[in-house]
Undergrad: 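Dropping a structure here in structure tokens format, bear with me for questions.
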Amino acid sequence: MTTRPMVIAANWKMHKLRAEAIEYVADLSTWMDDELGDGVRGLQVVVAPTCTSLEQSVEQSPPFAIFAQNMHQADQGAFTGEVGPAMLRDVGVQGVILGHSERRQYFNETDEALAEKVQAALAFQLRPMLCVGESLDERRAGTAEAFVEHQLRSALSGVDAEAAASSLYVAYEPIWAIGTGETATPDLAQQMHALIRSVLADLFGAAIAQQVPVLYGGSVKPANALELLSQADIDGALVGGAALEVDSFSGIIEAGRQALAAPVA
Ligand code: PGA
């Protein structure tokens with residue numbers, strides 16, 4: 001039986017002004033206090049606001065972790081417009097989403113930069129949530145697995161096993177399923193998650209691969225979450241659109257709780 005947590009994460013992307021962020025964090029905190037009490041063993045909730053709402057979100061001391069959505073790899077320097085790991089630590093965030101496909105696609109984030117970002121996050125005690133995932137072209141060409149494996153190996157090859165065991169999250173997000181309403185079938189997602197775990201085993205050893213949570217992302221909603229989260233190697237969800245409202249995000253947290261309570265054999 002797995003000891004991995006179930007991780008339900010909200011990626012707000014470029015949404016919400018500060019007042020909206022305050023209200024969301026307060027409402028989700030209330031919902032969690034009411035519904036989950038002192039917390040559910042093994043269930044972790046993460047919210048990734050925009051940079052402008054990070055500090056106040058942390059200051060609300062919510063019962064969930066606050067992550068950033070991106071980070072520069074350098075401690076400091078002449079990188080106009082960027083925010084580095086020391087700054088995120090200073091604000092009090094606990095982790096950072098790295099390599100989201102929108103960062104790779106629109107901001108030319110490379111595998112090389114990501115390898116440095118993962119290392120920088122770990123060096124500053126920020127938990128990296130590394131996103132990987134193929135495009136529709138790669139899926140149609142039959143190269144999805146090789147593509148995802150390459151993304152993983154290039155971002156993680158310099159990471160030591162201890163750090164991976166204690167800090168790393170991976171999120172598999174097929175690009176063709178992000179924001180499109182099209183979700184990978186649970187079987188297809190499970191197959192890729194199993195491949196991801198085998199790559200993690202090759203990099204860090206089988207025991208540590210069993211400890212790293214691998215989340216699925218791409219049009220997760222309350223209606224499809226339970227089936228996805230019940231797959232053996234799916235340890236959580238990274239949610240965009242359906243995480244923008246507390247009502248629907250809390251439905252996905254609830255699905256995570258149910259999947260934890262009835263784990264697959
Ligand atoms: P989506 O986004 O849930 O809106 O598909 C997921 C993500 O990009 O993290």
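Numbering of ligands and ligand atoms starts at 1, following listing order.
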Undergrad: Check whether any N or O atom of G240, backbone or side chain, sits under 3.5 Å from an N or O atom of ligand 1, and answer yes or no.
TA: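 G240 vs ligand 1: N/O contact under 3.5 Å present.
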Undergrad: Which of the numbered atoms in ligand 1 are under 4.0 angstrom from any heavy atom belonging to G179?
TA: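 So the answer, numbered in order with elements, is 1 (P), 4 (O), 5 (O).
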Undergrad: Ion pair present between R153 and D111, side-chain N to carboxylate O less than 4.0 angstrom?
TA: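 No salt bridge links R153 with D111.
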Undergrad: Would you compute the distance between atom CD of E116 and atom CE of M71 and round it to the nearest 0.5 angstrom?
TA: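 Result: 10.0 Å between the selected atoms.
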Undergrad: Is the ring centre of Y24 less than 6.0 Å from the ring centre of W12?
TA: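 Yes: the rings meet the under 6.0 Å criterion.
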Undergrad: Are any of the side-chain nitrogens in R139 or E134 under 4.0 Å away from the carboxylate oxygens of its partner?
TA: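 Yes, this pair counts.
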Undergrad: Among E173, E149, R104, find the one that has a side-chain contact (heavy atoms from CB on, under 4.5 Å) with V132.
TA: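 For V132, the side-chain contact (heavy atoms from CB on, under 4.5 Å) test succeeds with only one of E173, E149, R104, which is R104.
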Undergrad: Using a heavy-atom cut-off of under 4.0 Å, does the side chain or the backbone of N11 touch ligand 1, or both, or neither?
TA: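 Under 4.0 Å from ligand 1, N11 contributes side-chain atoms alone.
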Undergrad: Provide the number and element of each atom of ligand 1 under 4.0 Å from a heavy atom of K13.
TA: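 Here the atoms of ligand 1 in question are 2 (O), 7 (C), 8 (O).
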Undergrad: Could you tell me whether T180 and ligand 1 have an N or O pair separated by under 3.5 Å?
TA: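 The answer is no, given that T180 and ligand 1 share no N or O pair closer than 3.5 Å.
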Undergrad: Can you find an N or O of G241 that's nearer than 3.5 Å to an N or O of ligand 1?
TA: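 G241 vs ligand 1: N/O contact under 3.5 Å present.
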Undergrad: Which of the atoms of ligand 1 are close to A177, meaning less than 4.0 Å from one of its heavy atoms?
TA: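 Within the 4.0 Å cut-off of A177, ligand 1 contributes 5 (O).
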Undergrad: Where's the contact between A242 and ligand 1, heavy-atom distance under 4.0 Å: side chain, backbone, both or neither?
TA: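 Neither part.
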Undergrad: If you measure from the Lys or Arg side-chain nitrogens to the Asp or Glu carboxylate oxygens, is any gap between R197 and D202 under 4.0 Å?
TA: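 Between D202 and R197 there is no salt bridge, as every charged N stays at least 4.0 Å from the carboxylate O atoms.
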Undergrad: Measure the acute angle between the ring planes of H193 and Y172, then classify it against the limits of 30° and 60° as parallel, tilted or perpendicular.
TA: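 The rings of H193 and Y172 stand perpendicular, inter-plane angle above 60°.
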Undergrad: Is the closest heavy atom of H100 to ligand 1 under 4.0 Å?
TA: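 A heavy atom of H100 does come that close to ligand 1.
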Undergrad: May I ask you to list the atoms of ligand 1 that are less than 4.0 angstrom from any heavy atom of E173?
TA: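 Reading through ligand 1 atom by atom, the close ones are 6 (C), 7 (C), 8 (O), 9 (O).
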Undergrad: Using a plain distance cutoff, I'd like to know if G218 has any nitrogen or oxygen under 3.5 Å from a nitrogen or oxygen of ligand 1.
TA: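 There is no such contact.
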Undergrad: Verify the neighbour count for atom CD of E82: are there more than 12 heavy atoms of other residues, nucleotides or ligands below 6.0 Å?
TA: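 Yes, CD of E82 has more than 12 neighbouring heavy atoms, counting only those of other groups under 6.0 Å.
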